[in-house]
Amino acid sequence: MKLLITGGAGFIGSNYVRWLLAHTDDAVVVYDALTYAGNRDNLRDFDDDPRFEFVHGDVCDRDAVFEAMAGCDAVVHFAAESHVDRSIVGPDAFVRTNCDGMNVVCDTARQLEVGKLVQVSTDEVYGSIEEGSFAETDRLEPRSPYSASKAGADLIALAYGETFGLPVAITRTTNNFGPYQHPEKVVPLFTTNLLDGLTVPLYGDGLNVRDWCHVDDNCAAIDLVLRQGQSGEIYNIAGGNELTNRDLTERLLVLCGRDESFIRYVDDRLGHDRRYSVDAAKIGRLGWSPKREMDEALAATVEWYRDNRWWWAPLKEAET
């Protein structure tokens with residue numbers, strides 16, 4: 001099979017490309033605009049692989065998307081603006097990339113009669129939940145421009161399925177972590193700060209709860225939905241590792257050899273959701289379950305950043 005991976009130079013996208021080339025015989029076309037979060041170095045290991053092709057392009061560019069998608073059997077759509085803080089400061093880019101881009105990808109896939117489209121989404125579209133876990137049929141209540149734009153993208157994809165018969169499925173995953181994650185996100189930001197002897201900014205009281213899923217487990221789930229998921233269906237993906245942000249921070253302090261004096265409490269994020277949690281029983285019925293144990297996976301992630309300063313140091317310097 002030949003797959004188009006939009007946003008394949010980003011964090012989850014590049015890890016999925018790595019997963020595909022290690023576990024399948026598929027050919028892969030990566031399509032990425034290489035914005036600040038898309039990094040060509042994420043894919044440099046594959047430049048000599050005959051199954052790998054890279055195309056530099058904007059997901060909103062219809063002609064370029066059409067050319068890249070032509071001849072592909074399926075599409076896995078990662079391309080998105082994905083940082084909540086950035087969406088609060090500049091929401092326009094999120095609506096353009098996440099909603100307009102989704103429309104371009106869906107319409108192109110319809111014209112080319114692509115066999116399957118998987119929209120990679122987020123648990124944040126459901127909003128916050130005090131107790132229990134969201135099911136795929138629950139109401140969407142996004143609370144940031146980022147999550148609203150992802151909810152809009154999901155609805156666009158489902159509408160193409162209903163109106164045009166486009167075979168589309170959606171995954172909604174909890175917070176991912178692992179190698180090649182841009183250091184604006186909490187795990188790599190805190191890890192790299194602590195490795196450099198810097199403090200870490202913890203929002204509010206630190207008691208917001210997130211469920212954590214290692215990116216390898218998410219990639220396996222996405223691939224399962226691509227191959228066995230039903231068109232028109234949504235699949236929640238959860239790691240089963242609910243932690244407060246304070247608890248996560250304390251684990252990173254231990255792994256980096258720092259103490260609590262390195263925590264710097266900062267004003268809470270606007271519209272900060274208190275708790276995310278999704279029920280992953282549906283994808284479990286397809287045979288998926290997370291394989292990476294949280295403490296082991298977090299320790300391995302810290303070691304990756306410890307060993308790969310060449311990758312993250314320039315990204316942090318570019319942000320200053």
side-chain contact (heavy atoms from CB on, under 4.5 Å) assessment of Cys72 paired with Leu3: CA-CA 5 Å; Cys72 291; Leu3 305 178; over 6 Å; no
Nearest heavy-atom neighbours spanning Gln181 and Pro188: OE1-CD, 3.4 Å
N/O donor-acceptor pair under 3.5 Å between Asn42 side chain and Ser14 backbone: no
Enclosure of Asp307 CG (heavy-atom neighbours >12, cutoff 6.0 Å): yes
Trp304 and Tyr180 aromatic centres sub-6.0 Å: yes
Derivation and outcome, salt bridge (Lys or Arg N to Asp or Glu O under 4.0 Å), residues Lys150 and Asp154: CA-CA 6 Å; Lys150 290 295 287 187; Asp154 291 0; 5.8 Å; no
Minimum heavy-atom distance between Cys219 and Asn15, given as atom pair plus value: SG-C, 3.6 Å
Within-4.5 Å side-chain heavy-atom neighbours: Asp123 and Thr173: no
Phe164: hydrophobic cluster co-members (side-chain, 4.5 Å): Leu4, Val29, Tyr31, Val55, Val59, Val65, Phe66, Met69, Val75, Met102, Val104, Val105, Leu112, Val114, Leu117, Ile156, Tyr160, Leu166, Val168
Pairwise side-chain contact, Arg246 with Ile263, heavy-atom cut-off 4.5 Å (strictly under): yes
Validation row: Val302, Leu252 side chains within 4.5 angstrom (heavy atoms): yes
Hydrophobic cluster of Leu198, others only, ordered by chain and residue number, side-chain cut-off 4.5 Å: none
Which atom of Lys185 lies closest to which atom of Ser82, heavy atoms considered: NZ-OG, 3.4 Å
Note, Glu124 side chain near Arg143 side chain (heavy atom, < 4.5 Å): no
Side chain to side chain, His77 and Ile170, heavy atoms closer than 4.5 Å: no
Test item: side-chain donor near acceptor, Asn176 and Asn218, under 3.5 Å: yes
Pi-cation contact, Tyr126 with Arg172 (under 6.0 Å, within 45°): yes
Plane angle bin for Phe52 and Phe46 - parallel if under 30°, tilted between 30 and 60°, otherwise perpendicular: tilted
Note, Glu81 side chain near Ser87 side chain (heavy atom, < 4.5 Å): no
Flag for Thr174-Asp211: side-chain donor and acceptor within less than 3.5 Å: yes
Nearest non-hydrogen partners of Asn236 and Glu136, listed with the distance: N-OE2, 2.9 Å
Heavy-atom closest pair, residues Arg306 and Leu255: NH2-O, 3.1 Å
Distance-minimising heavy-atom pair for Phe190 and Thr249: CE2-OG1, 3.3 Å
Asp61 side chain to Ala64 backbone, donor-acceptor under 3.5 Å: yes
Aromatic centroids of Phe11 and His182 separated by under 6.0 Å: no
pair Asn193-Lys316: side-chain heavy atoms closer than 4.5 Å: yes
Salt bridge (Lys or Arg N to Asp or Glu O under 4.0 Å): pairs with one or both residues in residues 41-51, sequence neighbours excluded: Arg18-Asp45, Arg40-Asp47, Asp49-Arg51
is_close_aromatic(Tyr16, Phe78), centroid dist under 6.0 Å: yes
Val215 reachable from Leu224 in the ILVMFWY side-chain graph, under 4.5 Å edges: yes
CD/Glu67: more than 12 non-hydrogen atoms of other groups inside 6.0 Å: no
Non-hydrogen side-chain atoms of His83 and Tyr36 separated by less than 4.5 Å: yes
